[in-house]
Amino acid sequence: MPTTITTKKTVSISRSEVDKKGAIVILSLKEYRKLCERAVPTYYLKGKEAENLDKLVEEGLREHRKCRCKTIKSLSDLD
């Protein structure tokens, strides 16, 4: 049996906004996060591409552990 949650706060949704945009969906945060995760495509690399990426990640983690990383504000700071 579903549990009903009652609070004193209300949410007002303008009928004109619903008419303009179509519909409104209310999801729990957990459901929303799952939906977002599924929206991003997953890529699987094989062979040489996978090995190269593994080496790049290993090198980055090694540099991070040695505190050789620096904080940048934009990609232009990489020069």
Which residue pairs pass the salt bridge (Lys or Arg N to Asp or Glu O under 4.0 Å) test when at least one of the two sits in residues 11-36, sequence neighbours left out? Glu17-Lys20, Glu17-Lys21
In chain order, what residues pass the side-chain hydrogen bond (donor to acceptor under 3.5 Å, both in side chains) check against Ser76, with sequence neighbours excluded? Ser74
If you count every heavy atom of other residues, nucleotides or ligands that lies below 6.0 Å from Ile26 atom CD1, does the total exceed 12?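 Counting neighbours around CD1 of Ile26, 12 or fewer heavy atoms of other residues, nucleotides or ligands fall under 6.0 Å, so no.
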Treating Ile, Leu, Val, Met, Phe, Trp and Tyr as nodes and any side-chain heavy-atom pair under 4.5 angstrom as an edge, say whether Leu45 and Val40 lie in one connected cluster. no
Who pairs with [X] by side chain to side chain contact (heavy atoms under 4.5 Å, CB included), at least two apart in sequence or on another chain?
X     : answer
Leu35 : Leu27
Ile72 : Lys70, Asp77, Leu78
Lys66 : Arg62, Arg68

Report yes if some heavy atom in the side chain of Lys48 is under 4.5 Å from a heavy atom in the side chain of Asn52; otherwise report no.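 Counting from C-beta outward, Lys48 and Asn52 do come under 4.5 Å.
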What residue pairs, at least two apart or across chains, pass side chain to side chain donor-acceptor pair (under 3.5 Å) with a residue in residues 37-46?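 Every pair satisfying side chain to side chain donor-acceptor pair (under 3.5 Å) with a residue in residues 37-46: there are none.
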Which distance, rounded to the nearest 0.5 Å, do you find between the CD1 of Ile24 and the CD1 of Ile13? 4.0 Å
